[in-house]
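Numbering of ligands and ligand atoms starts at 1, following listing order. Computed from a predicted model, the values in this text were never measured in an experiment. Below, each value reflects all heavy atoms present in this structure, side chains not excepted, and no hydrogens, waters or symmetry copies.
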Amino acid sequence: MQLINEIRIPKRKPYSHKGDYGRILLIGGNQNMGGSIMIAARACVYSGGGLTTVATHHSNHTALHSRCPEAMVSDINDIKRLTKLIENADCILIGPGLGLDFQGNNVLTLLFQHIKEEQSLIIDGDAITILSKLKHPFPKCNVILTPHQIEWERISGISIDEQTPELNRIKANEFRAHVILKQHETELYLKSGDYKITVGDPAMASGGMGDALAGIIASFIGQFDTEEAIKQAVYIHSLIGDKLARDMYVVPPSAIIDQLPYMMKELEEDEA
Ligand SMILES: NC(=O)C1=CN([C@@H]2O[C@H](COP(=O)(O)OP(=O)(O)OC[C@H]3O[C@@H](n4cnc5c(N)ncnc54)[C@H](O)[C@@H]3O)[C@@H](O)[C@H]2O)[C@@H](O)CC1
Ligand SMILES: Nc1ncnc2c1ncn2[C@@H]1O[C@H](COP(=O)(O)OP(=O)(O)O)[C@@H](O)[C@H]1O
Ligand SMILES: [Mg+2]
């Protein structure tokens, strides 16, 4: 397992525009868990995503506009519009607060029918749990799975105490996906190899922390090369968590999100 113990963020080129930094679609947030997709949306915007659109239950639209006016909103049940959004996105995140009911299943199936080979798809939260039951084969695109250990147990069939690097690697290859196995010292099973981080603090163990990470990964994939993007996102998310945990007993996901632009500036490379 290679350690990731530093990352750099590329300096932006002067003659660039928001389209250069990714058209990102976030799908999730049923009527009970709208907060999760709002956390992902703020994380996406505050980590530099170019254009962020959120497909979520209509009951979340007003709250999302007030919490994250930078994100555009669509009704998760407006199939026609959602299909268009799926076709036009560079990177799609599905899962945070999606719910496990027919709505979640229908949206996941629609997404799998329309996503194209050149697009990137991050599968998180309830979308992982639904897939564990549906046993749908993954679409032929750039798939990134972001399970915590229980979600990984569900979809891989490997119980938590058996989740060794060897067995995890076999499963990641079988899925032909990048796998981010979230825990204390998160592990990354990428196409180029196996990595882990040694930053991160138990003060991060609170609901919404993974939703925030999913939003950062989506925005970074919209901006940078996939494997670098994943390493940078996982590392910066926990680096900020570590830093804030020096003064905070618990680090709310929103506190991490607010620090993203500053930490990215601190880690910015010199040359443009
Ligand atoms: N504000 C919101 O709307 C939130 C919505 N959430 C959504 O809730 C849905 C279910 O996700 P959950 O992860 O809560 O529930 P899961 O049904 O996946 O189960 C996770 C539960 O298992 C327990 N557990 C035991 N060992 C664990 C380990 N090693 N790692 C993680 N959990 C472990 C925890 O108590 C946790 O509540 C997801 O779609 C998620 O995005 C959560 O992110 C929490 C915040
Ligand atoms: N003890 C810990 N030390 C460091 N990071 C942790 C710890 N516990 C949880 N985390 C981090 O918090 C996040 C939890 O993800 P997840 O369970 O999906 O959260 P949620 O679904 O509630 O948003 C992961 O990024 C994980 O690495
Ligand atoms: Mg989660």
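Atom 22 (O) of ligand 2 has its closest protein heavy atom at G208 N, 2.9 Å. Protein heavy atom nearest atom 43 (O) of ligand 1, with residue, atom name and distance: D211 OD2, 2.7 Å.
Under the 3.5 Å distance criterion, the side-chain polar atoms of H148 are left unmatched by any main-chain donor or acceptor of Q183. Remark: the backbone N or O of C44 is paired with a side-chain donor or acceptor of S47 at under 3.5 angstrom. A donor-acceptor pair is defined here as one N or O able to donate and one able to accept, closer than 3.5 Å; no such pair exists between the side chain of E187 and the backbone of N168. Judged by distance alone, with hydrogens and angles left aside, the side-chain atoms of D211 form no donor-acceptor pair with the main-chain N or O of P96 at under 3.5 Å.
For ligand 1, the polar-atom distance check finds no N/O of N32 at less than 3.5 Å from any of the ligand's N/O atoms. Note: an N/O pair closer than 3.5 Å links T186 and ligand 2 by distance alone. Inclusion of I150 in the set of residues having an N or O under 3.5 Å from an N or O of ligand 1 is not warranted. Polar contact check, G210 against ligand 2: a nitrogen or oxygen pair lies under 3.5 Å apart. In terms of N/O distances under 3.5 Å, ligand 2 is approached by Q183. The shortest N or O to N or O distance between D124 and ligand 1 is not below 3.5 Å.
Side-chain contact of S219 with Q223: a donor-acceptor pair under 3.5 Å is present, judged by distance alone. With hydrogens and angles left out, the side-chain atoms of Q103 and N77 include a donor and acceptor closer than 3.5 Å. In this structure, a donor-acceptor pair under 3.5 Å is absent between the side chains of S59 and Q31.
Under the 30°/60° scheme for interplanar angles, the aromatic rings of W152 and F175 are found to stand perpendicular.
Contacts between Q183 and ligand 1 below 4.0 angstrom, taking non-hydrogen atoms only, are absent altogether. The side chain of H148, and not its backbone, has at least one atom closer than 4.0 Å to an atom of ligand 1 (non-hydrogen atoms only; side chain from C-beta on). Contacts of R154 with ligand 1, taken as heavy-atom pairs under 4.0 Å, involve the side chain alone.
Looking at every heavy atom in both residues, T198 comes nearest to E185 through CA-OE2, 3.9 Å. Taking both residues in full, the closest heavy atoms of T56 and G29 are given as OG1-O, 2.7 Å, listed atom of the first, atom of the second, then distance.
Remark: K140 fails to qualify as a cation-pi partner of F138 under the 6.0 Å distance and 45° angle criteria applied to the six-membered ring.
Distances shorter than 4.0 angstrom do not occur between any heavy atom of K182 and any atom of ligand 1. At least one heavy atom of H237 sits under 4.0 Å from some atom of ligand 2. In this structure, G125 falls outside the shell of residues with a heavy atom less than 4.0 angstrom from ligand 2. Heavy atoms of G210 stay at 4.0 angstrom or farther from ligand 1.
Contact atoms of ligand 2 toward G207: 22 (O) (distance under 4.0 Å to a heavy atom of the residue). Every atom of ligand 1 is numbered from 1 in the order shown, and the set under 4.0 Å from a heavy atom of G95 is 39 (O). Close contacts between ligand 1 and E151 involve ligand atoms 18 (O) [criterion: under 4.0 Å to a heavy atom]. Contact atoms of ligand 2 toward H148: 17 (O), 18 (O) (distance under 4.0 Å to a heavy atom of the residue). Taking a cut-off of under 4.0 Å to the non-hydrogen atoms of G208, the atoms of ligand 1 that pass are 43 (O), 44 (C), 45 (C). Heavy-atom contacts of A205 reach the following atoms of ligand 2: 8 (N), 9 (C) (cutoff under 4.0 Å). The atoms of ligand 2 that sit less than 4.0 Å from any heavy atom of M204 are 12 (O).
In this structure, of E185, H184, E151, K182, the residue bringing a heavy atom nearest to atom 26 (C) of ligand 2 is K182.
Between H178 and Y189, the gap from one ring centroid to the other reaches at least 6.0 Å.
With contacts defined as side-chain heavy-atom distances shorter than 4.5 Å, the pair L82/V107 qualifies.
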